[in-house]
Chemist: 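Below is one structure. I have some questions about it.
Computed from a prediction, not measured in an experiment: that's the story for all the values here.
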Amino acid sequence: MSGFNLKTDISWHDFLIRAGLVICTVAIIIWAMPRDSHNTYRIEKGKPWIYTDLRAPFDFPIYKSDEAVKAERDSMMKQYEPYFNYNKETEGIQVRQFVKDYNKGIPGLPNDYISIIANRLHRVYLQGVMSNSDYARFSKDTTQMIRIINGKEAASTQIIRTYSTVSAYEQIFAEPELAAHRDILQKCNLNDYISPNLIYDKERSEASLSDLQNSIPLASGIAQQGQKIIDRGEIVDSKTYNILQSFQKELDRREKNKQQISVTIMGQILYVTILVICLTFYLTLFRKDYFEKPRSLAMLYSLIIIFTVIASMMVSHSVLHIYILPFAMVPIFIRVFMDSRTAFMAHVIMILICACILQHPLEFIAVELVAGLMAIYSLRELSSRSQLFWTAVLVTVAASLTNLSLEWISNNSLTKIDYSEFNFLIINGLLLFCSYPLLYLIEKAFGFTSNITLIELSDMNKDLLRRMSEVAPGTFNHSIQVANLAGEIAQKIGAKSQLVRTGALYHDIGKTLNPIYFTENQSGVNPHEGMSFIDSAQMIICHVTEGMKLADKYNLPHVIKDFIATHHGQGKAKYFYVQQKNALPDEPVDELLFTYPGPNPFTKEQAILMMADSVEAASRSLPDYTEKSIRDLVNRLIDTQVTEGYFKECPITFRDIEFAKTVLIEKLKTIYHTRVSYPELKN
């Protein structure tokens, strides 16, 4: 029923924040997504088809290969006849000019040579003369035909039957009658009377060439809708390769339709919006507390955005295989800093978003979901570097086995399996080893504290702890005892045991500045005997503020500082408060002078520390250690804390408190058990 009352449970302010979060996330993801609405296949001749079974989704032409088209064009070029216009006037002008120039005869030759040369020029022009450049261009193939247009008539002839201006000049001297007098005739500059009378018609020739080329069919057939093209694992032969290339060309051609692109973007927006809203609804219904932790939300949505954007860029530019990207990092980080259910939900949403831009989405979803689940299962509690190593190994093995099973399902032969994807999965596993240094970056960027950091802080060689053991050994022993008690309670009620252990070790570091003022560090000398009750209370209370200053100085994580601030809550230094009241019963007492600055505990772990700290300290003053005295002490102290409202602001239940009492009683009984007295040896 909570789903139906969702609107009444969320204020408009919260609704606008979540709506803005969804809009920003969707906008960034859509911006990075590829704009192509179709798949771009990697087609390799002689290699297995690595994608799903492919059937023609629509009718499309099967285009000829580039080599086949080129061969047909080369063959068609043999039929190409460039057009030349025959200019009748050129011959008359040049021959008349020659006769005019030599009407008095050629020196050294009889007068009849004028008519002989004029006749030779007539023959050359009759065959046709073209410019040297045109002749060189079209005479590479001696069988080349040209079409000569003379008025309304067009006749085809071989180009070798025509002349260039140079070959026409040589043709005149090819006659023995003129060759004998070549020396004399060269002085006449006969080449001045040879001009092209065949003029290349560029417009008509190019139109003819275009018609020929367009007459060559680019397609050799048609693939019908629903026709099988290729099955997964089948070898791509020459014929299939040509069909696949034709299919890809047709997809590219259709993609140029802008309306189709806009529809694709609309579909992407709707799809991503639905998934991001689903994640936001999940957090609203089952993890409301995260909306009060901006750092948790920032990390969650940022990880999804970053990995989705990287995947989109990889697909857009086809730089690397998608399996190289270690998607399992996302559930690892979310599991370490948040919880398992949220890690799984975020991983599913991220994988479904990325799947819509891939060529083989079903296989990708199966492989990455198994990898993410294995990452979550193997990191129930991160406490050492080796766990990340084994997580990377298990994720790689699980993903590889899933991919292998899908290969076996799709192929009937072991020889058809494409093992290249396993190489990418191995690289993916190696990149998962980067999770450890990246954990540190995420801690610093979002202000989290991992269990590994907590374990490192628990090292007794750390400066603060070593100093405490040297200058305040009683406080140091007290902190260790409290850490053990609090850790046991946390284990019992399902709280974060490592966090509360580390917090317990540091909760009293403020006592290291003036250790002699605290009972556990005194050895016969009590400086409070010469002080007023107010000054003594202030000296005791200041160990909280001094502890916060030391925590800032040594850059302790924020969660550890919270333990220092809350382990007394807003309680009173009761010993000196009662002494003040008893000494001056008729005078008003300023309670603030005897009150710790707080705040009260606001997490389950802080409440555990408060209980363990007060019980452990008070247990040292018991006159005798019997089960009844220990039980009465524990019940009295914790019931008083509950009655005074110290736990109102933290999510601890009465059931948790009862479990905590039980653990404290059993542990204190073990610590203060009566030892057997050893007998003396008689002489």
Chemist: So with a 6.0 Å cut-off around NZ of K667, is the heavy-atom count from everything else above 12?
Modeler: no
Chemist: Distance under 6.0 Å and angle within 45° of the ring axis: does R341 meet both against F286?
Modeler: yes
Chemist: Assert yes or no for the condition that the ring centre distance of F594 to Y577 is strictly below 6.0 Å.
Modeler: yes
Chemist: Check this for me: F433, atom CZ, are more than 12 non-hydrogen atoms of other residues, nucleotides or ligands nearer than 6.0 Å?
Modeler: yes
Chemist: Measure up the H528 and F576 rings against each other and bin them: parallel (under 30°), tilted (30 to 60°), perpendicular (over 60°).
Modeler: tilted
Chemist: What orientation do F327 and F307 show, parallel under 30°, tilted 30 to 60°, or perpendicular over 60°?
Modeler: tilted
Chemist: Strictly by modelled atom types, are S458 and R501 linked by a side-chain donor-acceptor pair under 3.5 Å?
Modeler: no
Chemist: Is a salt bridge present between D289 and K293, judged by a nitrogen-to-oxygen distance below 4.0 Å?
Modeler: yes
Chemist: For residues N521 and T475, is any side-chain donor paired with an opposing acceptor at under 3.5 Å?
Modeler: yes
Chemist: Quick one: are K572 and E591 in side-chain contact, heavy atoms under 4.5 Å?
Modeler: yes
Chemist: Answer with yes or no after comparing the ring centroid distance for H543 and H507 against a 6.0 Å cut-off, counting only values under it.
Modeler: no
Chemist: Would you mind reporting whether L379 and P331 have side-chain heavy atoms less than 4.5 Å apart?
Modeler: no
Chemist: Side-chain contact, heavy-atom cut-off 4.5 Å: I452 with Y436?
Modeler: yes
Chemist: Does a side chain donor of either T626 or S629 reach within less than 3.5 Å of an acceptor in the other side chain?
Modeler: yes
Chemist: For Y440, does the OH atom sit with more than 12 other heavy atoms under 6.0 Å from it, leaving out its own atoms?
Modeler: no
Chemist: When you compare the side chains of Q498 and T502, does any donor N or O come within less than 3.5 Å of an acceptor on the partner?
Modeler: yes
Chemist: Do you see a donor-acceptor pair shorter than 3.5 Å between the side chains of S340 and R335?
Modeler: yes
Chemist: Using a strict cut-off of less than 4.0 Å between a Lys/Arg side-chain nitrogen and an Asp/Glu carboxylate oxygen, indicate whether R466 and D463 qualify as a salt bridge.
Modeler: yes
Chemist: Could you tell me whether the side chains of T449 and E443 share a donor-acceptor contact shorter than 3.5 Å?
Modeler: no
Chemist: When you check the gap from the basic side-chain N to the acidic O, do E627 and K669 get nearer than 4.0 Å?
Modeler: yes
Chemist: For residues H478 and R620, determine if any side-chain heavy atom of one lies less than 4.5 Å from a side-chain heavy atom of the other.
Modeler: yes
Chemist: Is the side chain of Q580 donor-acceptor paired with the backbone N or O of V589 at a distance under 3.5 Å, no angle test?
Modeler: no
Chemist: Less than 4.5 Å apart, side chain to side chain, heavy atoms only: is that true for K511 and M468?
Modeler: no
Chemist: Does any non-hydrogen side-chain atom of L556 lie less than 4.5 Å from one of I509?
Modeler: yes
Chemist: Using a strict threshold of under 4.0 Å (side-chain N to carboxylate O), is an ion pair present between D632 and K628?
Modeler: yes
Chemist: Are any of the side-chain heavy atoms of L633 and I665 separated by less than 4.5 Å?
Modeler: no
Chemist: Hey, is the main chain of E666 close enough, under 3.5 Å, to the side chain of T670 for a donor-acceptor pair?
Modeler: yes
Chemist: Answer yes or no: is there a side-chain heavy-atom contact under 4.5 Å between D656 and K492?
Modeler: no
Chemist: State whether K661 and E658 are salt-bridged, where the test is any N-O pair (Lys NZ or Arg NE/NH1/NH2 against Asp/Glu carboxylate O) under 4.0 Å.
Modeler: yes
Chemist: Indicate whether the side chain of S479 and that of Y506 have a donor and an acceptor atom separated by less than 3.5 Å.
Modeler: no
Chemist: Do Y596 and T566 meet the criterion of a side-chain donor-acceptor pair at a distance under 3.5 Å?
Modeler: no
